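Some notes on the structure that comes next.
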Amino acid sequence: MTESLSPDVWIAVRLTIDLAAITTIVVLAIGTPIAWWLSRTRAWWKEVIATIVAMPLVLPPTVLGFYLLVLLGPDGPGGTIAGLWGGRTLAFSFTGLVIGSVVYSLPFVVQPIRNAFEAMGERPLEVAATLRASPWRAFWTVAVPLARPGFLTAAVLGFAHTVGEFGVVLMIGGNIPGATKVLSVAIYDYVETSQWREASILSGGMAAFAFVVILSMILMQKRAARVGK
Amino acid sequence: MRISRFIFGAVCLLVCGVVAGRADADQVNVAVAANFTAPAKEIAAAFRQKTGHEAVLSFGSSGQFYTQINQDAPFGVFLSADQERPKKLADKGLAEPASRFTYAIGKLVLWSKQSGYVKGEATLQSAAFAKLSICNPAAAPYGEAAVETMKSLKLYDALKPKFVEGADIMQAFQFVDTGNAEVGFVALSQLTGNVGGSRWIVPQTLYKPIRQDAVLLKKGADNKAATAFLEFLKGPQARAIIEKYGYALDNGS
């Protein structure tokens, strides 16, 4: 490796990390109330909501990409929002990618948090209530700390899954360096144009990243299980 | 246990597929550059009617197919959007050099869904749009031609920040078609039968002619359907279809 990688690669790495970090924050902010509601409500239709949230697990990315392209476009709500700052469409923008990634990664975040909330049962919150903690305070001081392993899993999965996203980005991104050309798309580009060296270095990096993420997840869950006992 | 059963099932399917493929020798897989999608479908239908052979078409960017063919993809014929890639495949021994010929010469168009929007090169000069859709110039010849055009007009640097790139020409078209980009460079063939919007057929002086070559691949060398398809592509019936879609024909062949 005498030649260094082109600056394009570093732009793509930086963009991917930014996208994954921002998506993780947004998806935790949206996913936590959904997970809480799902774990506490007795509404008969709660599993309908749970199903809708989980659908991106099964849907091909092309289906999401297609819907997003239409919804983000000038004739959809995305166009209206973009109009606020004089734009026409949210497609081909970093904002558009964040919206797509949030939808796509939501199930990976809601599921572990919901499980953690359900696993702790009603008891800790009842105790908190008898000690006159308001529901809001009980949530923050009792439920969230108890569900910590669930949050950790959710954050790691949400981040990693966004890094690994490809189909949706390819369809709504437009391959713009620094705005929408994330690592997975850059790799696709290198393969399409027979630039094997770049493709193999980046792919190797992604494989190493995936290995570390999954291994640390497994170790974290083991540790949580030990502490739980 | 479950995994081993899954693998067993997968192997069975694979074997069945290979056996079925052998039994039906009158079928050829054709890799088609995306700009040629519509005429290729029509040609394949006519080819089937006339010869009984079946051409199974795959569409994508020329760069994508080039990479796949290098990795032993099961295509018998390659209809590229350029001359360079079929030539390189022949040099590498992956295609029959003598079979290479220009089946069509493509035309580049600047297109918008809004009528009255595109008014020739002035539209590019005024640059009143937010997004200009092209296809990836590194992987697709129409993207390269779009870049050449803008360089000839000395507008490339000014317009570059407005580019959105489709992975192939179909995606570049679709970005404009969904209204997400106001204008885009597409292939004239894609606008056949599409009367709406506004367009500017880019003068040939602004970009190198897009000579699109077909080639018989090594995988198709012994396939009757593959050789027959290339013959059919040279014939009057196919040439009429190609012209109908706005391509020029190579008079030399």
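Computed from a predicted structure; not experimentally measured. Residue numbers start from 1 in every chain, and the chains themselves are labelled A, B, ... in the order their sequence lines are given, proteins ahead of strands. In what follows, every heavy atom counts, from backbone to side chain, and hydrogens, waters and symmetry copies are set aside.
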_For A/Asn175 and B/Asn136: C-alpha separation, side-chain torsions, deciding distance, then whether side-chain contact (heavy atoms from CB on, under 4.5 Å) applies._
CA-CA 8 Å; A/Asn175 204 9; B/Asn136 187 341; 3.9 Å; yes
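- For A/Pro74 against B/Gly179, the heavy-atom pair with the smallest separation is CG-O, 2.8 Å.
- Atom NZ of A/Lys46 has more than 12 neighbouring heavy atoms from other residues, nucleotides or ligands inside a 6.0 Å radius.
- Within 6.0 Å of the CH2 atom in A/Trp196, the count of heavy atoms belonging to other residues, nucleotides or ligands exceeds 12.
- When the shell of 6.0 Å around CZ of A/Phe66 is examined, it contains 12 or fewer heavy atoms from other residues, nucleotides or ligands.
- The contact between B/Gln174 and chain A is made entirely by side chain atoms (from C-beta outward), counting heavy-atom distances below 4.5 Å.
- Taking each heavy atom of B/Ala181 and A/Phe92 in turn, the nearest pair found is N-CE1, 4.1 Å.
- Contact annotation for A/Leu69: both backbone and side-chain heavy atoms come within less than 4.5 Å of a heavy atom of chain B.
- No more than 12 heavy-atom neighbours from other residues, nucleotides or ligands sit within 6.0 angstrom of NZ on B/Lys87.
- A donor atom on one side chain and an acceptor atom on the other are not found under 3.5 Å apart for A/Glu192 and B/Thr67.
- In this structure, A/Tyr67 places its OH atom where only 12 or fewer heavy-atom neighbours from other residues, nucleotides or ligands lie under 6.0 Å away.
- Between the side chain of A/Arg88 and the main chain of B/Lys131, no donor-acceptor pair closer than 3.5 Å is present.
- No more than 12 heavy atoms of other residues, nucleotides or ligands lie within 6.0 Å of CD in B/Glu84, so this atom counts as exposed by the packing criterion.
- For A/Met55, the CE atom counts as loosely surrounded, since its 6.0 Å shell holds 12 or fewer non-hydrogen atoms of other residues, nucleotides or ligands.
- Distance check: B/Gln64 CD to A/Tyr188 OH gives 4.5 Å after rounding to the nearest 0.5 Å.
- Neither the backbone nor the side chain of A/Ile172 comes within contact range of chain B; no heavy atom of the residue lies under 4.5 Å from a heavy atom of that chain.
- Interface check for chain B: of the options A/Val185, A/Asp75, A/Val191, A/Val70, the most heavy-atom pairs under 4.5 Å are formed by A/Val191.
- The structure places CG of A/Leu72 at 7.5 Å from CG of B/Asn180, a figure rounded to the nearest 0.5 Å.
- When all heavy atoms of B/Phe175 and A/Met171 are compared, the closest pair comes out as CE2-O, 3.4 Å.
- For chain A, no part of B/Phe65 is nearby; none of its heavy atoms comes within less than 4.5 Å.
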